[in-house]
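These notes concern the structure reproduced below.
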Amino acid sequence: MLDINFVRQNPDEVIAMLQRRQMGKDTPKVNKLLELDSDRKQMVQRADELKALRNRVSREIADIRRTGQGSGEELIQQMKTVSDQISDLDAALATLETEMEEILLGLPNRLHDSVPAGRNADDNVLYKGPVEFIHQLDFPVRNHLDLGKSLGILDFERGAKISGAGFPVYVGKGARLERALINFMLDTHTSNHGYTEVFPPFMVNQESLRGTGQWPKFADQVYHIAEDGLYCIPTAEVPVTNLHRGEMLDAASLPIAYAAYSACFRREAGSYGKDTRGFLRTHQFNKVEMVRFTRPEKSYEALEEILGHAENLLCALKIPYRVITLCGGDISANAAKCYDIEVWSPAEDKYLEASSVSNFEDYQARRSNIRFKPDGKSKPEFVHTLNGSGLATSRLMVSLLEHYQTAEGKIKVPEVLQPYTGFDIIE
RNA sequence: GGAGGAUUAGCCUAAUUGGUAAGGCAGCAGUCUUGAAAACUGCCGGGUUUGCGCCCAUGGGGGUUCGAGUCCCUCAUCCUCCGCCA
């Protein structure tokens, strides 16, 4: 959420940001917001004057009664009218503020200056890589679906039977490999990268979705358990960032770094026909997520660190990847800056997004009211929040299976995973 | 699911029959000191204002009232007990 004070003082900058994001058509929203803001100010003034009057006279009534000078009946009658006026004004204000909040919640975040200009994904800019590792694939490569099926480690058909399309089942060594990946990633983050492990709930309430910005914008992409008012998390970012919702963090505790595994649930409504085969797009997948809370001046430093932590995993696994900087037209509304890490899929013959590393600056912190006091006398400030996948297993598994396949259709297990799997080959 | 109790600022704790939130700790600044501690003084929820001031704020949301921390309804969370159950 943007600061209404910032919008009021820098409307041109906000409108320029919308244009950089290819959202120029939302410009009227900004003007409407400023109009409402101005109306609000006048109404608040009038209401405050009436409230001041009521408070003063109420104290007079109390004095009159205490000293036995009378009942104050005349004043009470006058204040009845005043109170009615206040009620009307407050009701009108509440309507107006709701309208303002709806607009404000719908406006995207500011963009960092370093975010490249561009209309869509084609305009994203290569930041690092490609980072290659030696893999001998001097035979016709098979894709992850073929490999998974022939080795009996992935079962999409039964997944479709028990749940629906997009709910894969891992079986035997496939299940073990998936669990090994998750454990390897979590162990690396906690042991080598300084993160505190969190195992969060997989369902959250609507306030949490709102806090991280998935609500209301992505309401149609989230699984909803209507009876209990709960939502399946689309990413661990939601429960983990909301751990500190409404809190005043101790400045000495910053930066806070959490790593969390969670299953992630996404309806993927409207994306059928696009990368839907096998693991490329599923309704449920596994992901280890890194989440950070930092002082504002440290957040861009943290962004590079998180990116580095995600890259370390791919280097250890020896899976080729590249890093791109998302351009203004492709970056998500919540983020001020975002890197995507893409892994190479030899069978698909293209890069697949396996991680997104973002700095949200104070956008989420303002929505979820996460603050700290820089020092004793200064006012509370919003922290900056960041997160990065480290990593999502589904696309990673695609790349892993394909890169580590042998000419005989077996899968070698990457060396760093062997302590976790207990075997070095899937056949 | 049922009964009772609780929720006040970063933390802890007060508030007559309803009369408009009192303190303490921590923190920050200053005085004193070679330095530190102690002591003393000031600041110490949010908004608005050049300022005085004004408004809002007692878990969330409603209601009664001229006026609600206080009375009523409802929801959430925690504690105690009862019931049910993996």
Side-chain angles (χ1 to χ4, degrees), chain A residues 1-9 33-34 36-102 104-105 200-211 215 225-231 238-239 242-256 293-295 362 365-383:
Chain A
M1 189 162 65
L2 295 177
D3 183 357
I4 182 66
N5 291 311
F6 174 79
V7 180
R8 192 187 301 130
Q9 287 157 21
L33 181 66
L34 292 173
L36 292 171
D37 180 55
S38 158
D39 292 348
R40 178 184 168 278
K41 196 163 187 174
Q42 290 181 12
M43 287 175 73
V44 166
Q45 266 176 18
R46 271 192 290 155
D48 277 3
E49 282 167 19
L50 289 173
K51 285 175 184 173
L53 174 66
R54 183 178 68 182
N55 285 341
R56 201 184 69 233
V57 175
S58 285
R59 276 188 287 265
E60 283 174 19
I61 292 169
D63 283 341
I64 289 170
R65 294 196 158 188
R66 194 181 304 119
T67 55
Q69 291 171 26
S71 65
E73 190 54 38
E74 196 179 330
L75 291 176
I76 288 173
Q77 289 308 319
Q78 286 174 16
M79 286 309 103
K80 262 185 190 174
T81 313
V82 171
S83 271
D84 287 345
Q85 289 173 352
I86 291 172
S87 294
D88 292 347
L89 270 175
D90 277 349
L93 255 174
T95 307
L96 197 144
E97 282 173 352
T98 303
E99 205 177 335
M100 284 178 68
E101 190 177 311
E102 270 168 23
L104 216 42
L105 283 173
F202 293 178
M203 289 189 224
V204 294
N205 53 35
Q206 196 180 97
E207 289 71 35
S208 294
L209 285 177
R210 183 181 295 260
W215 194 274
I225 293 97
E227 193 172 5
D228 300 292
L230 291 169
Y231 300 82
V238 179
N242 277 280
L243 283 178
H244 294 298
R245 171 152 51 87
E247 292 186 12
M248 181 80 70
L249 300 175
D250 183 358
S253 72
L254 299 175
I256 296 172
F293 302 81
T294 73
R295 301 175 75 106
D362 64 5
R366 179 171 282 108
R367 282 172 167 253
S368 33
N369 195 27
I370 305 171
R371 298 174 298 166
F372 75 107
K373 279 190 181 179
D375 56 68
K377 65 174 175 179
S378 53
K379 289 192 171 184
E381 282 182 38
F382 292 107
V383 297

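Keep in mind that this is a model prediction, so the values were computed, not measured. All values below were derived from every heavy atom in this structure, side-chain atoms included, with hydrogens, water molecules and symmetry-related copies excluded. Throughout, a chain's letter reflects where its sequence line sits, starting with A, and its residues are numbered from 1.
For the pair Q85(A) CD and rG67(B) P, the interatomic distance rounds to 13 Å; values are reported in whole Å. Rounded to an integer number of Å, the gap from CE of M43(A) to C1' of rU48(B) is 17 Å. Atom CZ in R40(A) sits about 12 Å away from atom P in rG47(B), given to the nearest Å. Going from atom CD1 of I61(A) over to atom C1' of rG18(B) covers 13 Å, rounded to whole Å. Residue K80(A) contributes atom NZ, which lies 9 Å from atom P of rG67(B) at whole-angstrom precision. Rounded to whole Å, atom P of rU48(B) lies 16 Å from atom CD of Q42(A). At whole-Å resolution of the value, CG in D228(A) and P in rC75(B) are 15 Å apart. Atom CZ of F382(A) and atom C1' of rG46(B) are 11 Å apart (whole Å).
Comparing the same atom, P, in rU58(B) and in rG51(B) gives a spacing of 26 Å after rounding to whole Å. Using atom P as the reference point in both rC75(B) and rG23(B), the two lie 37 Å apart (nearest Å). Between the C1' atoms of rA37(B) and rC52(B), the separation comes to 40 Å (whole Å). Separation of the C1' atoms belonging to rG67(B) and rU17(B) is 15 Å when rounded to the nearest angstrom. Remark: the separation of the P atoms in rU65(B) and rG59(B) is 23 Å, to the nearest Å. On the P atoms, rU33(B) is 24 Å away from rA26(B), given to the nearest whole Å. The P atoms of rG53(B) and rA22(B) are separated by 15 Å, rounded to the nearest whole Å. rU80(B) and rA68(B) have their P atoms separated by 35 Å, given to the nearest Å.
Taking 4.5 Å as the limit, some side-chain heavy atom of D90(A) sits within range of a side-chain heavy atom of K51(A). Under the 4.5 Å side-chain criterion, counting only non-hydrogen atoms from C-beta, F293(A) is not in contact with F372(A). Side-chain contact between I370(A) and E247(A) is absent, with no heavy atoms from C-beta onward closer than 4.5 Å. Proximity of Q85(A) to T81(A): side-chain heavy atoms (C-beta onward) are separated by under 4.5 Å at one or more points. Within the 4.5 Å cutoff, side-chain heavy atoms of L249(A) are placed close to those of I256(A).
Of the inter-residue distances, the one linking R46(A) atom CZ with L50(A) atom CG reads 8.5 Å to the nearest 0.5 angstrom. In this structure, CG on L93(A) lies 11.5 Å from CG on D88(A), to the nearest 0.5 angstrom.
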- request: Report the C-alpha separation of S58(A) and N55(A) in whole Å, then their side-chain angles, then the decisive distance to 0.1 Å, and conclude whether the side-chain hydrogen bond (donor to acceptor under 3.5 Å, both in side chains) test is met.
  value: CA-CA 5 Å; S58(A) 285; N55(A) 285 341; 5.6 Å; no
Criterion side-chain hydrogen bond (donor to acceptor under 3.5 Å, both in side chains) on E49(A) and Q45(A), from CA distance to verdict: CA-CA 6 Å; E49(A) 282 167 19; Q45(A) 266 176 18; over 6 Å; no
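Contacts of L75(A) with the nucleic acid, taken as non-hydrogen atoms under 4.0 Å apart, are absent.
Look at S83(A) and you'll find a side-chain N or O under 4.0 angstrom from OP1 or OP2 of rG67(B).
Of all nucleotides present, only rG47(B) satisfies the Watson-Crick or G-U wobble test against rC54(B), with each distance under 3.5 Å. Base-pair partner of rU33(B): not found among the strands shown (Watson-Crick or G-U wobble, both distances under 3.5 Å). In this structure, rG69(B) makes no Watson-Crick or G-U wobble pair, since no nucleotide meets both defining distances under 3.5 angstrom. Across all strands shown, rC81(B) forms a Watson-Crick or G-U wobble pair with rG2(B), both key distances being under 3.5 Å. With a cut-off of 3.5 Å on both Watson-Crick or G-U wobble distances, the partner of rC28(B) is given as rG42(B). Under the Watson-Crick or G-U wobble criterion, with both distances below 3.5 Å, rG59(B) is paired with rC75(B).
Listed nucleotides rU48(B), rU20(B), rG46(B) differ in distance to K41(A); the shortest reach to its side chain belongs to rU48(B). Among the nucleotides rC66(B), rU48(B), rG46(B), the one closest to the side chain of P380(A) is rG46(B).
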Hey, what are the protein-to-nucleotides 53-57 of chain B N/O distances that come in under 3.5 Å?
unit_1  : atom_1 : unit_2 : atom_2 : d
rC55(B) : OP1    : N55(A) : ND2    : 3.0
rC55(B) : O2'    : D48(A) : OD1    : 2.6
rC56(B) : OP2    : N55(A) : ND2    : 3.2

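Closest-nucleotide positions on RNA chain B for R8(A) and A62(A) were compared, and the one nearer the 5' end corresponds to A62(A).
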